[in-house]
Amino acid sequence: MDPVTLRVMANALRAVAEEMEAAMVRAAHSPNITERRDCSTALFDATGRMVVQSASIPVHLGAMPEAVAAVIARGAAFPEVWVVNDPYRGGTHLPDLTLVSPLVLGGAVAAYAVTRAHHADVGGMTPGSMPAGSRELVQEGLVLPPVRLVGGDGSPTDVLEVILANSRTPAEREGDLRAQLAAHRLAQARLEDVAHRHSAATVTGAMAELLAYAERRTRAEIAAMPDGTYTAEELLEGDGVTDAPLAIRVAVAIEGDRMRVDFAGTDPAGPGNCNCPIAVTRSAVYFVVRCATDPDIPASAGAFAPVEVTAPEGSLVNAAAPSAVAGGNVETSSRIVDAVFAALGAVLPLPAQGQGTMNNLTLGGPGFTYYETLGGGQGASPDADGPSAVHVAMSNTRNTPVEVLEAACPLRVEAYRVRRGTGGAGAHRGGDGVERRLRALADMEASVIAERRASGPRGAAGGGDGAPGRTTVNGVPVPAKWRGRLARGDVRRSRRRAAAAGARRRRDDGCPACTRRAPIAVPVRRGPLGRVPRRALPGGCAPPRRGARDLRGPEPGADLGPDAVPAGVAVAVPAVALPAHPVAVHPGAAPAVLLPCGGPAPDAGVGQVAGAGDLHGLPAVAARVHALAAEAHAVRGRP
């Protein structure tokens with residue numbers, strides 16, 4: 001195939017995978033997919049080799065081939081759709097539900113479409129299906145070997161009902177699964193479109209050519225690396241059951257145009273859930289190979305053909321059933337990346353270590369489950385500073401917008417900011433971490449699975465180390481792997497630094513009149529509407545001092561004087577309650593004050609609120625105004 005045609009076909013096939021992801025994101029129900037985009041898509045050829053992928057989650061994509069192989073072995077046929085999450089039969093960890101469907105051209109199977117999405121709850125001993133301290137796989141949720149989700153007649157099988165019956169949030173699970181199924185229907189339609197434009201023979205021929213091209217390019221890159229064997233060791237900070245460090249040892253051997261990555265000497269699988277199935281270990285190695293070679297090489301099975309990964313059976317990085325794996329997919333995979341980077345960094349210009357953790361947080365209570373990973377700092381490269389406040393290595397998700405989180409869950413985000421100056425020092429600094437502080441507005445269960453709390457990521461070439469992270473609940477430090485309950489009003493504060501951001505939680509006094517947070521002041525320009533009256537506002541909260549940065553007002557009834565808060569352009573909004581913020585807007589108050597406190601003032605039908613300002617990590621007032629108005633219209637039946 002000539003280079004021009006190959007490039008055209010590569011882009012056409014990649015567009016199919018990317019449109020699959022876009023459709024899934026737009027149709028899903030949970031913020032974990034619609035906002036964080038914790039999902040991935042790919043196309044495989046008829047023999048089960050990955051041809052193209054979306055630019056999604058590294059830990060998902062590198063482990064997909066085992067899932068496709070398991071489904072092909074079961075005899076999948078069009079128009080069936082199969083689902084699997086068993087880590088020992090092609091899955092990663094149980095919340096990642098993988099769907100595989102054959103795609104046909106001219107009546108014959110020409111490819112397989114694959115979607116993998118992290119579902120916020122699939123059962124298990126804690127909400128979110130990511131329990132710190134789990135000891136065996138069945139404690140983490142429903143285990144699905146490769147089974148038909150959609151049968152030969154195109155309708156869902158009873159497996160769908162089984163999945164929904166085992167989730168704490170079945171409606172959300174059904175919405176997310178149907179979004180995945182929509183992506184698979186789209187894949188069939190789009191592949192047919194490509195074949196109509198270029199012919200089915202050209203499509204299948206292009207798949208084979210792309211794999212061969214990626215392999216040639218990768219072999220050339222490896223051949224340019226110095227031959228030799230390079231070793232490294234990383235220590236996992238316990239696994240939630242034991243606090244003893246667990247060693248990951250790796251030897252990377254480069255011989256000509258081949259690379260062999262051997263984990264001999266790695267500790268046996270631990271009693272907790274930081275064990276890795278071999279598919280996840282391969283995925284972490286493939287990620288490093290991608291970083292160490294030309295990024296223009298297509299990410300496909302061909303790019304990984306010159307790489308061999310071996311690990312002792314029953315070890316931490318090649319665990320066997322029924323070992324628990326919830327943390328292995330996210331935390332151990334990140335530390336495998338650290339180890340392989342450290343080994344190859346001896347001879348290649350690779351970045352210093354990143355934060356080395358995904359900082360997994362799961363929360364859940366009656367009617368809701370929530371999961372997020374939190375970003376931190378990326379290590380500096382030889383020619384540039386490391387980026388700050390990003391998801392690094394095996395994650396690559398986005399964060400959940402504060403407005404979405406607070407609307408969906410009984411939580412308040414009290415701080416979310418970059419921790420300036422926490423990156424490792426050097427000619428090029430490591431990226432800074434972040435701080436995230438959440439207040440529980442209802443009783444709930446919580447689980448944290450994280451790393452880099454005992455020691456920070458190491459600097460490279462004489463550069464300084466990054467600072468370790470920290471997790472606290474109400475000011476009390478908790479271990480890197482922790483599970484417990486949060487009472488209403490409890491605060492979890494997350495602090496991440498340098499190439500390993502941290503987490504800490506703090507409890508604030510808040511408003512003494514109502515146990516909720518004190519008033520939010522919005523600094524705005526002076527306007528023609530006057531200033532805040534010299535009196536306390538409804539609900540027992542006084543307006544904050546002018547220029548206050550912590551957003552907590554003085555004591556109720558405080559006399560602030562006529563110049564307390566400058567006025568601005570007013571916006572009339574109904575006084576109603578947000579799900580996470582009971583809000584009263586004083587009808588006689590000047591603009592620039594929003595009171596998330598108490599109930600509506602007597603006869604407070606309409607009040608005044610200023611425009612957006614610096615809310616110290618809270619959502620913009622503009623979003624609040626729109627939410628207030630929308631809810632008022634819905635409740636009162638007004639157009």
S.K.: Parallel under 30°, tilted from 30 to 60°, perpendicular over 60°: which one fits the rings of F304 and Y286?
M.R.: parallel
S.K.: Looking at R168 and D121, is there a salt bridge between them, counting it only when a charged N and a carboxylate O are closer than 4.0 Å?
M.R.: yes
S.K.: Which residue pairs pass the ring pair (Phe, Tyr, Trp, His ring centres under 6.0 Å) test when at least one of the two sits in residues 44-98, sequence neighbours left out?
M.R.: H93-H118
S.K.: Pick one: which of T332, V325, T92 meets side-chain contact (heavy atoms from CB on, under 4.5 Å) with C276?
M.R.: T332
S.K.: Using only atom types and a distance under 3.5 Å, with no angle test, would you say the side chain of E215 pairs donor to acceptor with the backbone of A301?
M.R.: no
S.K.: Does any N or O in the side chain of S167 come within less than 3.5 Å of the main-chain N or O of T169, such that one atom is a donor and the other an acceptor?
M.R.: yes
S.K.: What is the distance from atom NE2 of H29 to atom CZ of R173, rounded to the nearest 0.5 Å?
M.R.: 10.5 Å
S.K.: Under the 3.5 angstrom rule, does the side chain of T204 hit a backbone N or O of A200 as a donor-acceptor pair?
M.R.: yes
S.K.: If we only count heavy atoms from C-beta on, is the R14 to S54 side-chain gap below 4.5 Å?
M.R.: no
S.K.: Between L177 and H119, is the side-chain contact (heavy atoms from CB on, under 4.5 Å) condition met? List the steps.
M.R.: CA-CA 9 Å; L177 280 169; H119 287 250; 3.8 Å; yes
S.K.: Any donor and acceptor pair, going by atom type alone, linking the side chain of R74 with main-chain N or O of P146 inside 3.5 Å?
M.R.: yes
S.K.: Between D45 and Y112, is a side-chain contact (heavy atoms from CB on, under 4.5 Å) present by the stated rule, with each step listed?
M.R.: CA-CA 6 Å; D45 70 4; Y112 290 88; over 6 Å; no
S.K.: Under a 4.0 Å N-O cut-off, is there an ion pair linking E221 with R217?
M.R.: no
S.K.: Would you compute the distance between atom CG of L142 and atom CG of N166 and round it to the nearest 0.5 angstrom?
M.R.: 4.5 Å
S.K.: Should E451 and R335 count as an ion pair when the cut-off is N to O under 4.0 Å?
M.R.: yes
S.K.: How far apart are the C-alpha atoms of R36 and T373, what are their side-chain angles, what is the distance that settles it, and do they pass the side chain to side chain donor-acceptor pair (under 3.5 Å) test?
M.R.: CA-CA 9 Å; R36 290 187 61 249; T373 57; 2.6 Å; yes
S.K.: Side-chain contact, heavy-atom cut-off 4.5 Å: R216 with T218?
M.R.: no
S.K.: Testing the basics here: between N359 and T357, what is the closest heavy-atom pair and its distance to 0.1 Å?
M.R.: N-OG1, 3.0 Å
S.K.: Is it true that, when you exclude D193 itself, more than 12 heavy atoms of the residues, nucleotides or ligands shown sit nearer than 6.0 Å to its CG?
M.R.: yes
S.K.: Mark yes or no for whether N318, through its side chain, and A311, through its backbone, hold a donor-acceptor pair below 3.5 Å.
M.R.: yes
S.K.: Taking C-beta and beyond as the side chain, do F263 and V340 meet within less than 4.5 Å on heavy atoms?
M.R.: yes
S.K.: Salt-bridged, R452 to E234, with N to O below 4.0 Å?
M.R.: yes
S.K.: In Å, rounded to the nearest 0.5 Å, how long is the span from CE of M444 to OG1 of T362?
M.R.: 11.5 Å
S.K.: Grab the two heavy atoms, one from G375 and one from V434, that are nearest each other, plus how far apart they are.
M.R.: O-CG2, 3.3 Å
S.K.: Do you know which two heavy atoms are closest between E172 and S30, and how far apart they sit?
M.R.: CD-CB, 3.3 Å
S.K.: Where is the tightest heavy-atom contact between N396 and A55, given as atom of each residue plus distance?
M.R.: ND2-O, 4.1 Å
S.K.: Which heavy atom in L191 sits nearest to a heavy atom in A111, and how many Å separate them?
M.R.: CD2-CB, 4.1 Å
S.K.: Looking at K481 and E331, does any basic side-chain N land under 4.0 Å from a carboxylate oxygen?
M.R.: no
S.K.: Is E35 salt-bridged to R398, cutoff N-O under 4.0 Å?
M.R.: no
S.K.: Any non-hydrogen side-chain atom of S129 less than 4.5 Å from a side-chain atom of E140?
M.R.: no
S.K.: Restricting to salt bridge (Lys or Arg N to Asp or Glu O under 4.0 Å), what partner residues turn up for R178, sequence neighbours left out?
M.R.: E174
S.K.: Taking C-beta and beyond as the side chain, do D96 and L94 meet within less than 4.5 Å on heavy atoms?
M.R.: no
S.K.: Only one of T47, V52, V51 passes side-chain contact (heavy atoms from CB on, under 4.5 Å) with M207; say which it is.
M.R.: V51
S.K.: Just wondering, more than 12 heavy atoms not from R26 lying within 6.0 Å of its CZ?
M.R.: no
S.K.: Taking side chain as C-beta onward, heavy atoms only, is C39 less than 4.5 Å from T115?
M.R.: no
S.K.: To the nearest 0.5 Å, tell me how far S395 OG sits from D38 CG.
M.R.: 7.0 Å
S.K.: Hey, are the side chains of V150 and E80 touching, using non-hydrogen atoms and a 4.5 Å cut-off?
M.R.: no
S.K.: Could you tell me which non-hydrogen atom of M394 sits nearest to which non-hydrogen atom of I57, and how far apart they are?
M.R.: O-CG2, 3.6 Å
S.K.: Any side-chain to backbone donor/acceptor pair from S199 onto A195? Under 3.5 Å, distance only.
M.R.: no
S.K.: For M1, is there any backbone N or O sitting under 3.5 Å from a side-chain donor or acceptor partner on T5?
M.R.: no
S.K.: Is there a side chain to side chain donor-acceptor pair (under 3.5 Å) between Y370 and T400 once you walk through the steps?
M.R.: CA-CA 10 Å; Y370 177 70; T400 304; 3.1 Å; yes
S.K.: If only atom types and distance count, is the side chain of S388 paired as donor or acceptor with the main-chain N or O of D432 below 3.5 Å?
M.R.: yes
S.K.: Nearest 0.5 Å, what's the CG-CZ distance between L211 and R49?
M.R.: 4.5 Å
S.K.: Between the side chain of S283 and the main-chain N/O of A279, is any donor-acceptor distance below 3.5 Å?
M.R.: no
S.K.: In Å and rounded to the nearest 0.5 Å, what is the CG to CD1 distance from L149 to I163?
M.R.: 5.5 Å
S.K.: Set out, in order, the CA-CA distance, both residues' side-chain angles and the distance that settles salt bridge (Lys or Arg N to Asp or Glu O under 4.0 Å) for E19 and R190, then state yes or no.
M.R.: CA-CA 9 Å; E19 190 176 355; R190 292 295 179 263; 2.9 Å; yes
S.K.: Do V307 and R258 have side chains that get closer than 4.5 Å, going by heavy atoms?
M.R.: no
S.K.: Just do the side-chain contact (heavy atoms from CB on, under 4.5 Å) check on M130 and V330 with the steps written out, would you?
M.R.: CA-CA 10 Å; M130 293 280 290; V330 287; 4.0 Å; yes
S.K.: Show your reasoning for whether side-chain contact (heavy atoms from CB on, under 4.5 Å) applies to V448 and N360.
M.R.: CA-CA 6 Å; V448 176; N360 304 268; over 6 Å; no
S.K.: Could you check whether R89 pairs with E66 (Lys NZ or Arg NE/NH1/NH2 to Asp/Glu carboxylate O, under 4.0 Å)?
M.R.: no
